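What follows is a short report on a single structure.
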Amino acid sequence: KEGGTIVTHPLVFTGDHLLVNARVDGEARLEIQDENGEPIPGFSLNDCQPLHGDSVGHIASWQQGEDISALSDQTVRLKITLRDAKLYALQFKAESHE
């Protein structure tokens, strides 16, 4: 099946989770890179748990989990690889800790 790669411009986010709205019949993976395009250790494509299925709220997760709060307020880039998948939106979200 067809696939592709998307790399965002540098961005700064706040939050502790990355939600992905995508229809994934094959596989999708996400990588968080530093502002120079180098994978941040623990957030590489190989560390990413592949996304499958159709959801407006896939939660991106890596081997150490889904919490990305340590990268909040830093300049990063996102790299997304898609195989037989359609990406509709990305959203950084802060979980309420009440």
Side-chain angles (χ1 to χ4, degrees):
K1 298 279 183 177
E2 292 187 26
T5 300
I6 300 165
V7 179
T8 68
H9 290 285
L11 57 92
V12 177
F13 72 90
T14 57
D16 50 24
H17 290 83
L18 175 55
L19 300 182
V20 182
N21 177 348
R23 178 177 173 185
V24 186
D25 295 322
E27 181 179 282
R29 290 179 185 257
L30 293 96
E31 174 174 275
I32 303 178
Q33 303 176 341
D34 64 21
E35 60 187 316
N36 299 315
E38 294 297 319
I40 294 174
F43 295 95
S44 72
L45 289 174
N46 289 336
D47 294 321
C48 183
Q49 304 298 320
L51 301 178
H52 302 282
D54 187 359
S55 176
V56 297
H58 290 289
I59 299 177
S61 179
W62 293 265
Q63 288 181 358
Q64 85 280 1
E66 56 195 43
D67 185 353
I68 58 172
S69 59
L71 305 176
S72 188
D73 296 319
Q74 296 180 38
T75 301
V76 298
R77 294 175 186 254
L78 298 178
K79 179 178 181 178
I80 303 109
T81 61
L82 304 167
R83 182 178 50 80
D84 196 17
K86 292 182 180 177
L87 175 68
Y88 299 109
L90 300 167
Q91 178 183 8
F92 293 97
K93 186 164 175 60
E95 293 295 318
S96 57
H97 300 287
E98 298 178 23

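Note that the coordinates shown come from a computational prediction; the quantities given were computed from them, not determined experimentally.
Looking at every heavy atom in both residues, A22 comes nearest to L87 through CB-CA, 4.2 Å. Here the shortest heavy-atom pairing between S72 and T14 reads OG-CA, 3.2 Å. Minimum heavy-atom separation, L45 to E31: N-OE1, 3.0 Å. In terms of heavy atoms, I68 sits closest to I32 at CG2-CD1, 3.9 Å. Looking at every heavy atom in both residues, G57 comes nearest to S55 through N-OG, 2.9 Å. What you find for L30 and A60 is that their closest heavy atoms are CD1-CB, 4.2 Å.
Of the possible donor and acceptor atoms, none in the side chain of R23 sits under 3.5 Å from a partner among the backbone N and O of K86. Judged by distance alone, the side chain of W62 and the main-chain N or O of N46 form no donor-acceptor pair under 3.5 Å. With hydrogens and angles ignored, the 3.5 Å screen pairs no side-chain donor or acceptor of T5 with any backbone N or O of T81. When atom types are taken as modelled, the side chain of N36 and the backbone of E38 share no donor-acceptor pair closer than 3.5 angstrom. The main-chain N or O of V24 is never found under 3.5 Å from a side-chain atom of H58 such that the two would form a donor-acceptor pair. The backbone N or O of P39 lies less than 3.5 Å from no partner atom in the side chain of Q33, so there is not a single donor-acceptor pair.
To the nearest 0.5 Å, atom CG of residue D34 and atom CZ of residue F43 are 13.0 Å apart. Atom NZ in K79 sits 12.0 Å away from atom SG in C48 (nearest 0.5 Å).
Under a hydrophobic clustering in which Ile, Leu, Val, Met, Phe, Trp and Tyr are joined whenever their side-chain heavy atoms come within less than 4.5 Å, directly or via other members, L11 and I40 fall into the same cluster.
Using a cut-off of 4.0 Å between Lys/Arg side-chain N and Asp/Glu carboxylate O, R29 and E27 are scored as salt-bridged.
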